[in-house]
2 protein chains.
Amino acid sequence: MDSRSKILNAASQLFLEGGGSALSVRAISKRAGLSTIGIYSHFQGKQGILDALYIEGFNLVREAMDVVPEGRATKAQVLQSCLGYLNVGEQHEAHYRLIFGESDAGYQPSEEAIAARNSAFSKLVRVAGSYLPDSSSPAERRQIALDVWAIVHGYVSISHHVTLSNDSDLDWKAMAIRVVDVQLDAARECFESVPDKI
Amino acid sequence: MDSRSKILNAASQLFLEGGGSALSVRAISKRAGLSTIGIYSHFQGKQGILDALYIEGFNLVREAMDVVPEGRATKAQVLQSCLGYLNVGEQHEAHYRLIFGESDAGYQPSEEAIAARNSAFSKLVRVAGSYLPDSSSPAERRQIALDVWAIVHGYVSISHHVTLSNDSDLDWKAMAIRVVDVQLDAARECFESVPDKI
DNA sequence: TTCTAGTATATAACACTGTTATACATCAAA
DNA sequence: TTTGATGTATAACAGTGTTATATACTAGAA
């Protein structure tokens, strides 16, 4: 295995084990059995490592939402896609926190990393938008996608920061799905009302 | 002015100017014209400084939502309270990011800080819950409050991390209010349906 | 007034962080 | 064999939070 792969593997391991605070340059190089210098020759320092993990995180999100076929989608399919997002937020907390700047206050995603983020959002736009009538504009599709994103992200983020209640049976993922469900209905009513009246 | 106040003022200034990354122990003490040691005698180190700012942040949120009188509230009043929350997210970004762990990955709020958070959430429960019928249970009130919190937080958080669109006229606060509006109607219908059928 | 106790402040150091200048080793091509 | 380039290691620099030690100052008692 080449040094670049060794470093990336070591970084992923440490990140999964201890989150962003466990990701020091020296810890990575020690785990990889190499010197610190490789992180600066193979990557652009710690920024490069974080970029790689950031991209990995958004790829997880994009793949988790990728359960809807091309063309029109049913509401159940859209909600399934949201559930995929919520599962990533639950199961890959470290990656998710990195995406929203909770792992390293100084980290700013590179252009490539932002491209990965936009790619995931495009997926969301297509999925959420595919529930709207064919007459809907791109702006309307982006609108509903942004609404869905804000809602599911809100629940994921709060679930990470607050022990939600004494009742451990409180299912925040189901709550998020229910809110999205209501919102999808509202959006469809709103956007369909005009054509219906013709 | 005593040393404790000097330190807290200096910390607030630096935090507002440059966010969490500008908050180093040495920078605070330099700004305050004192030695670093005061931060450890008057506060519990950097943790203590962050606690003070964390509490300040949640007090801002609680006060911003405090526009609803005791007893039953109109929907407009609830939405006004949400707008207060959204304004804090917009105007006090540094405090808001600290609350959600985006300023210092290692920071864990103390008991006192968590009490301030719970106090703000209690306010939200009372406000959002006051829109429900009197027959609603405490669990239902906490439920709708958590929904509202997740929604408004979702928009605030995303507005901090993504340049939302090419269209700068995209008003994410109005979007959040609209989603909360829809959700309040849905919740009221849901909880009122049973008594209606009696 | 002088001595003492206790508190507040300052200095310097420790262990850590990301980063980089320098030096060394390895290997392919001339 | 020599040259050049590439990859790696060591050590250092500037920064971080923290703390042990030493100093100053102030209040109260003899």
Side-chain angles (χ1 to χ4, degrees), chain A residues 1-55 94 97-98 101-110 112-113, chain B residues 1-55 94 97-98 101-110 112-113:
Chain A
M1 187 164 54
D2 63 343
S3 295
R4 193 191 144 87
S5 302
K6 280 185 195 168
I7 291 170
L8 207 50
N9 283 359
S12 289
Q13 284 176 26
L14 287 166
F15 189 59
L16 292 178
E17 290 169 17
S21 56
L23 259 193
S24 82
V25 172
R26 284 168 179 81
I28 296 170
S29 53
K30 186 176 180 182
R31 175 73 64 99
L34 299 168
S35 171
T36 61
I37 197 70
I39 290 170
Y40 296 88
S41 52
H42 294 290
F43 299 85
Q44 293 167 357
K46 190 174 184 181
Q47 160 86 22
I49 301 286
L50 292 173
D51 264 334
L53 294 170
Y54 184 98
I55 291 168
R97 293 181 95 111
L98 174 62
E102 299 171 13
S103 290
D104 190 317
Y107 170 63
Q108 291 287 91
S110 67
E112 189 189 353
Chain B
M1 186 163 54
D2 62 343
S3 295
R4 193 190 145 87
S5 303
K6 281 186 194 168
I7 291 170
L8 207 49
N9 283 358
S12 288
Q13 284 176 25
L14 288 167
F15 189 57
L16 292 178
E17 289 169 18
S21 56
L23 259 193
S24 81
V25 172
R26 283 168 179 82
I28 295 169
S29 54
K30 186 177 180 182
R31 175 73 64 99
L34 298 168
S35 171
T36 61
I37 197 70
I39 290 170
Y40 296 89
S41 52
H42 293 291
F43 300 85
Q44 292 167 357
K46 190 173 185 181
Q47 160 86 21
I49 300 286
L50 292 174
D51 264 334
L53 295 169
Y54 184 98
I55 291 169
R97 293 179 96 112
L98 174 63
E102 298 171 13
S103 290
D104 190 317
Y107 170 64
Q108 291 287 90
S110 67
E112 188 188 353

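Naming convention: chains lettered A, B, ... in sequence-line order (proteins, then strands); numbering from 1 in each chain. Because the structure is predicted, anything quoted here is derived from the model rather than measured.
- Looking at B/Ile55 and B/Glu112, their side chains come closer than 4.5 Å, going by heavy atoms from C-beta outward.
- Screening residues 20-37 of chain B for side chain to side chain donor-acceptor pair (under 3.5 Å), with sequence neighbours left out, gives B/Gln13-B/Arg31, B/Glu17-B/Arg31.
- Taking only side-chain nitrogens and oxygens, B/Ser3 never comes nearer than 4.0 Å to OP1 or OP2 of C/dA8.
- Here A/His42 reaches the OP1 or OP2 of D/dT8: one of its side-chain N or O atoms lies under 4.0 Å away.
- Residue pairs satisfying the ring pair (Phe, Tyr, Trp, His ring centres under 6.0 Å) criterion with at least one member in residues 19-49 of chain B, sequence neighbours excluded, are absent.
- Rounding to whole angstrom units, NZ of residue B/Lys6 and P of C/dA10 are separated by 9 Å.
- Not a single side chain to side chain donor-acceptor pair (under 3.5 Å) links B/Ser12 to another residue, sequence neighbours left out.
- We find that CD1 of A/Ile7 is positioned 13 Å from C1' of D/dA9, with the value rounded to whole Å.
- Qualifying side chain to side chain donor-acceptor pair (under 3.5 Å) partners for A/Asp104, counting only residues two or more places apart in sequence or in other chains: none.
- Counting to the nearest Å, the C1' atom of C/dT17 and the CD1 atom of A/Ile49 are 15 Å from each other.
- Sorted by first and then second residue, the ring pair (Phe, Tyr, Trp, His ring centres under 6.0 Å) pairs involving residues 4-24 of chain A (not counting sequence neighbours) are A/Phe15-A/His95.
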Quiz prompt | Per-nucleotide protein contact string for nucleotides 14-25 of chain D, where B marks a base within reach and S marks sugar-phosphate only (heavy atoms under 4.0 Å, - for neither) | solution = --BBBBB-----
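- The distance from atom CG of A/Leu50 to atom P of C/dT17 is 14 Å, rounded to the nearest whole Å.
- The distance between atom NZ of A/Lys30 and atom P of D/dA9, rounded to the nearest whole Å, is 15 Å.
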